[in-house]
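Everything below concerns the one structure shown next.
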Amino acid sequence: MTNSQKILDRRKQFVPNAIGIFNPSTAISETGSIITDADGKEMIDFAGGIGVVNAGHCPPPVVKAIAEQAAKLIHCSFNVASYELYMQLAEKLATLFPHGEHTKVMLTNSGAESVENAIKIARQATGRQAIICYDGAFHGRSMMSMTLTSKVGYKIGCGPFAPEVYRLPFPDTYRYGNGMSEDDFADMHLRELENFFHTNVPQTAVAAIIIEPVQGEGGFTVVPAKYLQGLRKICDEYGIMLILDEVQSGFGRTGKWAAYQHFDVVPDISTWAKSMGSGMPIGCVIGKAAIMDSCKPSTIGGTYPGNPVCCAASLATIQYMEEIDINALGEKVGNIVRTRFNKMKEQFAAIGDVRGLGAMMAFELVKDNDPFQPDADTCKKLITYCASNGLIVINAGVNGNVIRVLGPLVISEALLNKGLDIIENGLQELLG
Ligand SMILES: Cc1ncc(COP(=O)(O)O)c(C=O)c1O
């Protein structure tokens, strides 16, 4: 029996089955864009721990910062004793992501916690309760974030869910565009939103609209620019908070620090996590100062958020990202992947759509070139083929039929192409 099989067997014995296995690989060490499995096999990583290691696995300056900080101050709770690192990180984030003239930042432990707090902040800032979210959205697994999440498979048996949550169709041009221009399609969805205020919930009751500029778990569907810009206008008109969830799309993934920077839209509140800490559990909510300060004392916060070791990891990560120009890397990786995926689409009819923004790239597998016949089975087989041939890759999409690339952006061109070759060979073997 291999070491990897032993690990997977022990996992079955001691860990609840419901904790997902997105890929059959194991891990014992990692560096750059390579994960070494429990049997010493080197795997190219296209999953990045679900989009967490844009700056690579174990970047040396981040490892050093974690070790040095752990020797000095691991935890005292920011509520109990203030420390400079929290402010350093808050200032850095406010500078990178200004939300108006004065921006404030609260640190969290995860993406779900960022979303949870963003909703509490929006409700307190507006004095309203309703939240609008989207089909295909993923915002986390805590109770409010799970309510906002769309895919029923993630929620089964967990209700009742939080009240005052309303859901709109996401403007998904591939599935529902019907040959319309992207702008016309965006206009149609904006009109539907205006109508929604008469048919579902009045705008005066809506605290926030939360949306991912590029849906992550939903399958890398990019919001049409005109739609996001239209949302901004509608939110301004009705005093609704626009919350942009950048947990998966942030920190260089799309070739910019924030995906929203592609759209020339600034949110009132934004949510972050994943790649901001290179794998340490840290996230944040960023917002206009007046909005962030509308919260009553102690309604936001917690024991661990902004833990000094996580702050040190995040500061070192951001500094390293600046040094290596993470956004240029995101753009470069994205261009290579897009070109290769488009070529694969010409070769394999099963690829119904290639889409994404920067290095947040994916393709969708369907039967008979029909967006409504998702081919999750081939997707699963392709992931298994890749795993046995040295590539870790994961799926996405409410139907589980989307192959997505979320790996480290520090990957060399040679390794990136080697990984893409494995995908292409897998498609060849599975589809002929
Ligand atoms: C857009 C988005 N929001 C929120 C989350 C939840 O983050 P976490 O898993 O850190 O709670 C995720 C996780 O994949 C995500 O992609």
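Just so you know, ligand 1 is whichever comes first in the structure, and atom 1 is the first atom listed for that ligand. Predicted, not measured: the structure shown is a model, and the values here were computed from it.
- Counting the atoms of ligand 1 from 1 in the order shown, those under 4.0 Å from a heavy atom of Lys274 are 13 (C), 14 (O), 16 (O).
- Looking at Arg404 and Glu217, a side-chain N of the basic residue comes within less than 4.0 Å of a carboxylate O on the acidic one, giving a salt bridge.
- A distance of 6.0 Å or more separates the ring centres of Phe170 and Tyr176.
- The residues Lys72 and Glu68 are annotated as not salt-bridged, no charged nitrogen and carboxylate oxygen being separated by less than 4.0 angstrom.
- For the residue pair Ser114 / Thr108, a side-chain donor-acceptor distance below 3.5 Å is found, with atom types taken as modelled.
- The single protein non-hydrogen atom nearest to atom 7 (O) of ligand 1 is Gly111 CA, 3.3 Å, given as residue, atom name and distance.
- Polar contact check, Gly140 against ligand 1: no nitrogen or oxygen pair lies under 3.5 Å apart.
- Ion pairing of Glu164 with Arg123 is absent here, as no side-chain N (NZ or NE/NH1/NH2) approaches a carboxylate O to less than 4.0 Å.
- In terms of polar-atom proximity, defined here as any N/O pair under 3.5 Å, Ala112 does make such a contact with ligand 1.
- From the protein, the heavy atom lying nearest to atom 3 (N) of ligand 1 is Asp245 OD2, 2.7 Å.
- The contact set between ligand 1 and Glu217, taken as ligand atoms under 4.0 Å from a residue heavy atom, comprises 14 (O).
- Judged by the shortest distance from any of its heavy atoms, Glu113 lies outside the 4.0 Å radius around the atoms of ligand 1.
- At least one protein heavy atom sits closer than 4.0 Å to atom 14 (O) of ligand 1.
- Using a 4.0 Å cut-off between a side-chain N of Lys or Arg and a carboxylate O of Asp or Glu, Asp187 and Arg191 do not qualify as a salt bridge.
- Judged by distance alone, the side chains of Asp135 and Ser150 never bring a donor and an acceptor atom under 3.5 Å apart.
- Summarising the contacts of atom 16 (O) of ligand 1 with Arg141, Glu212, Gln248, Gln215, the nearest heavy atom is found in Gln248.
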